[in-house]
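First comes the structure, then the notes that go with it.
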Amino acid sequence: MSEIERETMDYDVVIVGAGPAGLSAAIRLKQLDSELDVVVLEKGSEVGAHILSGAVLDPSGLARLFPDWKARNAPLTVPVKEDNFYVLGEAGQIRLPNALMPPLMNNHGNYIVSMGNVCRWMAEQAEALGVEIFPGMACSELVYGARGELRGVVAGEFGKSGDGSISEAYEPGMELLGKYVFLSEGVRGSLSKQVIEKYDLAAGCDVPKFGLGMKEIWEVDPERHNEGEVTHSLGWPLGFKNSGGSFIYHLDNNQVYVGYIVDLNYKNPYLSPYMEFQRFKHHPKIAKLLKGGKRIAYGARAVTKGGAQSLPKVAFPGGVLLGCSAGLVNLPRIKGNHNAMHSGIEAAEAAAAAMKAGRSGDQLDAYDHSLRTGVVGKDLKKVRNVAPLNARFGPLGGLSLGGFDMWWQTVFGFSLFGTLSHGKTDAQATEPAAQHAEITYPKPDGKLSFDRLTNVAFSMTNHEESQPAHLQLSNPDLPISVNLPKFAEPAQRYCPAGVYEVVQEEAKDPRFVINFQNCVHCKTCDIKDPSQNITWVTPQGGDGPNYPNM
C-alpha cells in the first residue's frame with residue numbers, strides 16, 4: 001500500500017482501459033452475472049479519446065458479445081467492398097492480384113470503422129448492463145496484497161507540481177480494489193510493463209516487436225471517393241530495406257483514413273517515420289486522391305507486431321493482460337481489435353467461473369490457456385513468421401516468403417519454417433549514426449504534407465503544464481553524453497509529435513528538451529530509444545489527445 005492515505009472502493013473486477021478489450025471484458029462479465037460489481041477506468045477525457053486504429057474491423061469478437069449488433073445500431077456501417085494491394089515505386093505502382101493473397105487476408109465481411117466510435121458505443125452497452133465507467137481517471141500506481149498478488153490500482157491522482165512534490169491543489173486519488181484486475185492499457189502500457197517485469201511474464205518468449213502507426217483523416221473530392229475501398233501498399237518511400245507500409249480506407253461522408261506504419265526495427269537513426277509518412281502522400285497515386293482535399297485529424301500510436309512467439313504469460317496472481325497489453329495484433333492483416341475483444345471475453349469467462357467457485361486474487365491460468373489455444377492463438381499462429389521474415393529479407397522478400405508460409409499453413413496445417421525468432425529488440429536494432437548517411441527530407445508543402453507541430457494541433461492534444469513530465473529519463477545526462485554523439489539523438493526524429501529536441505545555443509553546450517505537452521501517447525520513445533533511457537508513464541487523467549473519429 002502507498003504511504004499516502006487514500007479512500008478505497010471495492011469491486012469484483014477492476015478494468016484499466018476502456019478500449020475494445022476492456023469494454024468487452026466488462027460487458028461479458030455482466031452478461032454472465034448481472035450482480036457482479038465491475039468498474040472500467042479510462043485515462044482519456046472520454047471513452048474513445050485515446051483510441052487510434054486503422055481500422056478495418058473483423059466483427060467476430062463483437063458478434064460473440066452481441067449477435068444482434070446490427071439491430072443494436074453498432075457503428076459498423078461501411079462494409080469493405082473493394083480490396084487492393086500495391087507495391088509502390090517512386091512514380092508508379094504494381095497491383096498484386098487478390099488471388100495471390102492468402103485467404104486470411106481477404107477483407108470480405110469486415111467493416112471500415114472508427115474504433116473510437118465503436119468504443120463509445122460499447123461503453124453505452126456496458127453502462128446499460130450496470131458497468132461503472134470513469135473517464136479522466138488515469139491509473140498511476142499498482143496496489144499489491146499481502147500474498148504478492150495484484151490487488152488494485154490507484155486512480156484519479158491530480159495536482160502534483162512539476163518537480164513531483166505535493167501542491168496545494170493535490171488530490172491523492174483512490175485505491176480501487178478488486179478480486180481480479182484486468183489491464184487493458186493498449187500498447188506498452190505503463191502498468192502492464194511493471195507486472196510483466198515483476199512476475200517475469202516474458203520468460204521463455206521472444207522479444208516484443210513494434211511498429212509506429214500514423215494516421216490522418218481527410219475529406220476528399222466526392223469524385224475521388226469510393227466508399228468501402230480498402231488499399232494497402234509497401235515499397236516507396238521506405239524502400240525494400242525497411243519494413244512498413246500504408247493503409248487507405250474510404251469510409252462514408254467523403255472521408256478517407258490515410259495511414260502509414262513504420263516498423264521500429266529500422267537501423268538508420270536518421271530515419272524519421274513521420275517524414276516517411278508525409279513523403280508517402282506525394283506519391284502520384286496518393287496525391288491524386290488527396291488533391292483538393294482537407295486533412296481534418298491526425299494521430300499516432302505504436303502497434304504490436306511480435307505475434308505468437310512474443311506473447312507473454314497473460315495471467316498472474318490477481319490479474320490478467322488483455323489486448324495490446326499482451327500483443328495480439330495479426331501483423332499481415334493489420335488487425336488486432338477482434339483479438340482484443342476475444343481476449344476480454346476469454347478473461348471475463350475465466351474470472352466469472354473463478355468467482356463463482358469462491359476464488360479471488362489467484363492466477364487465472366484458464367484464461368492463459370484459452371487465449372493460446374482458442375481463436376486468438378489460432379489467428380496468430382498462422383502469421384507468426386511474417387515479421388521475422390520481413391526483418392531478415394526486407395518487405396519484398398518477406399512478402400513473398402510470408403505469403404508462401406501462410407498459404408502452406410492454410411493448405412497443410414503446419415509451417416516449413418517452424419517458428420522463427422525475432423532476434424534483437426527494436427531499440428537494439430538502432431545502429432550508430434556513423435554507419436549511416438543522414439536523410440534529407442523534403443520540406444512539407446502545407447497542402448499534402450505538414451510539419452509535426454501543425455499536425456499535432458489536429459490531434460487536439462493538451463496536457464496541464466504544471467504537472468510532472470510523464471516522459472521520465474533514467475539518466476538525464478545520457479541523451480547528450482551518449483545518444484547524441486553515438487546515435488545523433490534519434491528521439492528528435494522517431495517521435496511523431498515533436499516532443500524531443502536538442503537545443504544548441506551559441507557558446508553553450510547542447511540541451512535535451514522534452515516538450516511533453518505535445519505527446520500523443522504513442523509510446524514510441526519507450527520502445528525505440530537505443531539506450532532504453534525513457535519511460536512513459538500516465539499523465540494526470542484526461543490529458544493527452546482528444547481524438548474525434550479515430
Side-chain angles (χ1 to χ4, degrees), residues 160-164 187-190 193-194 197 207-212 214 242 262-276 300-302 424-441 451-453 455-456 461 463 465-539 543-544:
K160 282 188 175 181
S161 300
D163 61 1
V187 178
R188 200 71 164 195
S190 54
K193 191 176 169 185
Q194 292 177 43
E197 182 177 355
V207 298
K209 301 293 285 184
F210 303 90
L212 170 59
M214 297 152 287
N242 302 301
V262 176
D263 292 353
L264 291 177
N265 61 356
Y266 63 83
K267 299 176 181 179
N268 185 350
Y270 289 114
L271 188 145
S272 166
Y274 177 85
M275 292 307 298
E276 297 291 343
R301 182 89 176 183
K424 298 178 179 179
T425 67
D426 293 325
Q428 292 167 342
T430 313
E431 294 179 344
Q435 297 179 22
H436 296 274
E438 190 169 352
I439 301 173
T440 302
Y441 289 100
D451 65 81
R452 283 183 293 186
L453 296 186
N455 239 357
V456 167
T461 294
H463 293 87
E465 295 187 14
S466 63
Q467 68 181 300
H470 63 280
L471 302 159
Q472 301 178 349
L473 301 180
S474 300
N475 181 348
D477 298 326
L478 195 145
I480 299 301
S481 64
V482 175
N483 279 5
L484 184 59
K486 186 173 182 179
F487 301 104
E489 187 42 88
Q492 303 173 90
R493 292 172 292 279
Y494 60 58
C495 174
V499 168
Y500 301 101
E501 293 182 277
V502 174
V503 177
Q504 179 71 68
E505 296 166 341
E506 190 174 344
K508 292 184 178 180
D509 293 332
R511 292 185 297 114
F512 189 64
V513 177
I514 301 176
N515 304 298
F516 73 85
Q517 299 89 343
N518 297 349
C519 178
V520 295
H521 299 192
C522 74
K523 320 286 180 63
T524 301
C525 54
D526 195 303
I527 297 163
K528 184 61 176 172
D529 181 63
S531 299
Q532 287 294 275
N533 189 47
I534 302 173
T535 299
W536 189 99
V537 299
T538 53
D543 288 1

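All values derive from a computational prediction rather than experimental measurement.
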Should [X] and [Y] count as side-chain neighbours, where that means a heavy-atom distance under 4.5 Å?
X: I534; Y: D526; result: no
X: P496; Y: P273; result: no
X: V262; Y: L271; result: yes
X: S272; Y: I439; result: no
X: K193; Y: W536; result: no
X: R493; Y: Y274; result: no
X: E276; Y: M214; result: no

Locate the shortest heavy-atom distance separating [X] from [Y]; write the atom from each residue and the value.
X: Q472; Y: V537; result: NE2-CG2, 3.5 Å
X: T430; Y: F487; result: O-CE2, 3.7 Å
X: T461; Y: Q517; result: CG2-O, 3.4 Å
X: Y270; Y: A437; result: CD1-O, 3.6 Å
X: K523; Y: R188; result: NZ-O, 3.6 Å
X: A302; Y: V187; result: O-CG2, 3.2 Å

Quiz item: Is the number of heavy atoms from other residues, nucleotides or ligands within 6.0 Å of NZ (K486) greater than 12?
Solution: no
Quiz item: So H521 and H463, would you call those rings parallel, tilted or perpendicular, with 30° and 60° as cut-offs?
Solution: tilted
Practice problem: Calculate, to the nearest 0.5 Å, the distance between atoms CG and CD1 belonging to L471 and I514 respectively. | Solution: 6.0 Å
Quiz item: Counting distance only, does the side-chain N/O of D426 pair as donor-acceptor with the main-chain N or O of F210 below 3.5 Å?
Solution: yes
Which side-chain N or O atoms in residues 498-509 pair as donor and acceptor under 3.5 Å with protein atoms at least two apart or in another chain?
from	atom 1	to	atom 2	distance (Å)
E501	OE1	N515	ND2	2.9
Q504	NE2	K508	O	2.5
E505	OE2	R511	NH2	3.1

Quiz item: Of all residues at least two apart in sequence or in a different chain, which pass the side-chain contact (heavy atoms from CB on, under 4.5 Å) check with Q435?
Solution: E431, P432
Practice problem: Could you pull out all residues at least two apart from D543 that satisfy salt bridge (charged side-chain N to carboxylate O under 4.0 Å, His left out)? | Solution: none
Self-check item: Qualifying residues under salt bridge (charged side-chain N to carboxylate O under 4.0 Å, His left out), relative to K528, sequence neighbours excluded
Solution: none
Throw together a table of side-chain donor-acceptor distances under 3.5 angstrom for residues 474-484, partners on residues two or more places apart or in other chains.
from	atom 1	to	atom 2	distance (Å)
N475	OD1	D477	N	2.9
S481	OG	D477	O	3.0
N483	OD1	S531	OG	2.6
N483	ND2	E489	OE1	3.3
N483	ND2	D529	OD1	2.9

Exercise. Please identify each residue that fulfils side-chain hydrogen bond (donor to acceptor under 3.5 Å, both in side chains) with D263, with sequence neighbours left out.
Key: S243
